[in-house]
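Scroll down for the structure; my scribbles are underneath it.
What you see below is based on every heavy atom in this structure, not just the backbone, and it leaves out hydrogens, waters and symmetry mates.
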Amino acid sequence: MKTLLITTATGLMLALPLAAQTTTVPATPPATTEPALPGAWAGVTADELKGKSVIGLDDKKIGDVSDVVMGADASVSQIVVDVGGFLGMGAKPVALTPAQVTLTREGDAITLRVAATEDELKALPEYKQ
């Protein structure tokens with residue numbers, strides 16, 4: 001049973017970045033939407049991201065950003081998302097890389113999306129500081 005759980009979690013960890021890379025982006029986004037480019041994370045602060053909702057494949061909220069890990073060059077290194085739980089209790093923190101999260105700005109609003117379901121994120125290893 002333990003081997004099955006480890007194998008499943010490992011497979012999901014490997015598949016999540018691939019799923020994120022195969023997401024189809026509209027050829028011409030609406031004029032008010034500015035999709036994140038590879039360097040778009042450089043101008044984002046931790047305070048802007050903390051508390052933001054994370055939207056999954058089914059366009060439903062699957063978690064909230066609880067922490068942001070900054071790299072040595074002051075860029076976003078990991079986004080910690082609390083998934084599951086109820087009313088803030090029992091949520092599981094998981095770490096995602098900026099490559100796994102699509103950041104979209106619409107004016108001052110920031111939207112974070114992942115190409116995964118809540119169950120897929122719950123299967124990732126728990127983030128520990």
Side-chain angles (χ1 to χ4, degrees):
M1 180 67 173
K2 191 183 263 186
T3 303
L4 177 63
L5 182 59
I6 291 170
T7 304
T8 302
T10 302
L12 286 173
M13 284 183 355
L14 295 173
L16 189 57
L18 293 176
Q21 292 174 2
T22 59
T23 302
T24 304
V25 178
T28 309
T32 58
T33 302
E34 182 180 305
L37 301 172
W41 287 96
V44 177
T45 66
D47 288 337
E48 287 181 293
L49 296 176
K50 286 183 183 175
K52 294 288 184 202
S53 297
V54 177
I55 310 301
L57 282 175
D58 55 2
D59 285 334
K60 292 183 182 175
K61 177 182 169 182
I62 60 174
D64 294 305
V65 176
S66 61
D67 200 5
V68 177
V69 179
M70 304 301 281
D73 62 351
S75 65
V76 175
S77 158
Q78 292 182 313
I79 301 100
V80 181
V81 179
D82 287 343
V83 293
F86 182 71
L87 297 176
M89 302 298 292
K92 177 183 177 182
V94 297
L96 302 174
T97 65
Q100 294 172 301
V101 181
T102 301
L103 179 145
T104 306
R105 287 186 182 263
E106 294 180 25
D108 290 336
I110 293 176
T111 304
L112 301 172
R113 295 185 176 274
V114 294
T117 64
E118 183 176 356
D119 289 337
E120 289 172 328
L121 291 187
K122 284 181 187 178
L124 294 175
E126 183 172 348
Y127 173 77
K128 298 190 192 265
Q129 294 180 339

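By the 4.5 Å heavy-atom criterion applied to side chains, I110 and L103 are counted as neighbours. For the pair V65/L112, a side-chain contact is recorded, criterion being any heavy-atom separation below 4.5 Å from C-beta on.
When all heavy atoms of S77 and G71 are compared, the closest pair comes out as CB-N, 3.7 Å. Closest of all the heavy-atom pairs between D82 and A91 is CB-CB, 3.8 Å. For the pair A95 and Q78, the tightest heavy-atom approach, listed with the atom from each and the gap, is CB-NE2, 3.8 Å. Considering every non-hydrogen atom in both A46 and V68, the closest pair reads CB-CB, 3.8 Å. When every heavy atom of V114 is checked against every heavy atom of L121, the shortest pair comes out as CG2-CD1, 4.2 Å.
K92 places a side-chain N or O within 3.5 Å of a backbone atom of K122 that can act as its donor or acceptor partner.
Partner V80 forms a side-chain contact (heavy atoms from CB on, under 4.5 Å) with one of L49, V69, L96, V94 and no other, that one being V69.
Rounding to the nearest 0.5 Å gives a distance of 11.5 Å between CG of D119 and CG of L124. T102 OG1 to R113 CZ: the interatomic distance, rounded to the nearest 0.5 Å, is 8.5 Å. The CG atom of D67 sits 10.5 Å away from the CD1 atom of I79 when rounded to the nearest 0.5 Å.
Put simply, Y127 and M70 are part of two different groups of oily side chains (I, L, V, M, F, W, Y) that touch within less than 4.5 Å, one to the next.
Crowding of E126 atom CD: a count of heavy atoms from other residues, nucleotides or ligands under 6.0 Å exceeding 12.
Checked for salt-bridge contact, K50 and D64 miss the test: no charged N lies under 4.0 Å from a carboxylate O.
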